[in-house]
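Everything numeric in this text was worked out from a predicted model, so none of it was measured. Residue numbers begin at 1 in each chain, while the letters A, B, ... track the order of the sequences.
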Amino acid sequence: MALRMWASSTANALKISSASRAHLSPAFSLSRCFSTVLDGLKYATSHEWVKHEGSVATIGITDHAQDHLGEVVFVELPDSGSSVSKGTSFGAVESVKATSDVNSPISGEVVEVNTNLSEKPGHINSSPYEEGWMIKVKPSNPSELESLMGPKEYTRFCEEEDAAH
Amino acid sequence: MSVTGSRFMNLVRLKGLPILRQLHIEEELLRTSSVNWCIVNDGTNEPAIVMGVSGVPRELLEIGPVLRDGIHVIRRFTGGGTIVVDSGTVFVALICKKDAVAGLQPYPRPIMSWSGQGLVTSTFVKMACYLFKFEEVLACSLSLTLYVAVSMQYSVWPLSDRLHLLHYYVFGNCKFGGNAQSITKNWWIHYTSFFWDYDVRNMAYLEHPKRVPKYRLARNHLEFTCRMKDYMPREVFIDKTVEALETKFSLRTIEFEALELDAKFSPSTKLLLRHELETMAFAS
């Protein structure tokens, strides 16, 4: 039976893998990148950032998030004029055979959407805080920003999260 | 009443449920449930093409034959590629709270690695125990990276590229299943479509995708996939998968009729309508 042959082959392969085991454990090793965290932004525990300027807040995902997600190949964003709520999903990104929800750190009305991301979703990886911005929101409750993390707190949060896994 | 808690999981075993219905149920459970789930569907009642969330039919499908034969085309809510499913496909879906697996980060690669190297490997070891002599079982159980070692042996690619095989289920360099995921704020779903058997004629519905994983190279669908029925008994595989899950979770079987579903839930997984496909066909 094919499986018996496969099992025998596996035994041979394991002799090889045992000898070079140190080189075959990448699945269990963690890549600890030093992700960029910018001053002047606020951060959510679900790894989105907010830049509040006047009456508009710009939202995207952090460098830490894009690094863990992998290459982004598709982005789903809401329509301009729609409402977003703090802590709930407003869209999703696709990477490595997975869709991952993107959650809004604040509540408000979407006033602009980064339509460039439909053609260039990779901007989220290459420029998460600049060209990779996702939506601009008119906050309905600006006090929600106060509950978000600052840069140092978010950096510590990411380090603790990575260390726990 | 179903079990709760991060170490508990409800198990639903189905046979022949239409894939569209299965996806709707899974999407609802992902979005609304407070319990971990495993959904096993042993085959779907009729063939269907299932694309990932970003799938573009005119790029992925031979729309002419699809329309001619009236095969259903579904765009699911998860990422991943395109697959033709039928009664020969065995589906295993895991819906878990993000802390259900200790030390597992809720990101695509860690989840796929845990599923492939932990769950699937454990399944194969259990099957080996069921089928083979002790010395063969001992050889198989020496390493948790069982099938990765097999893949490494047969692979012709550099080591760095072979590492990509960690995210695919392969015997040698042929794929026997496809997986896809969706990750929300506090939950994730990981499901696999295992190619128990397939009708080669259905492969004619699929175009060669623009983006392919490196292991595939320029091979057509029949050259880089294999049937699991050539390697193991079907019922044994399903039973041992459940047993492997039992090593990680406390399982409780729930009957399909006992599922508490909301008729008002609006899934994003959609069946593409004929006129939508026709529009795409004329546009191309």
With chain A as the partner, which of B:V53, B:T78, B:T184 has the greatest number of non-hydrogen pairs under 4.5 Å?
B:V53

Tell me, side chain or backbone of B:R31 under 4.5 Å from chain A's heavy atoms, or both, or neither?
side chain

Under 6.0 Å between ring centres: does that hold for B:F237 and B:F194?
yes

Is the distance between the ring centroids of A:H47 and A:F157 under 6.0 Å?
yes

Looking at A:T45, A:L69, A:V102, A:T88, which one has more heavy-atom pairs under 4.5 Å with chain B than the rest?
A:L69

Under 4.5 Å from any heavy atom of chain B - which part of A:E76:
side chain

Report yes or no: is the cationic atom of B:K185 (NZ for Lys, CZ for Arg) under 6.0 Å from the centre of the six-membered ring of B:W187, at an angle within 45° of the ring normal?
no

Tell me whether the rings of A:Y43 and A:Y154 are parallel (<30°), tilted (30 to 60°) or perpendicular (>60°).
parallel

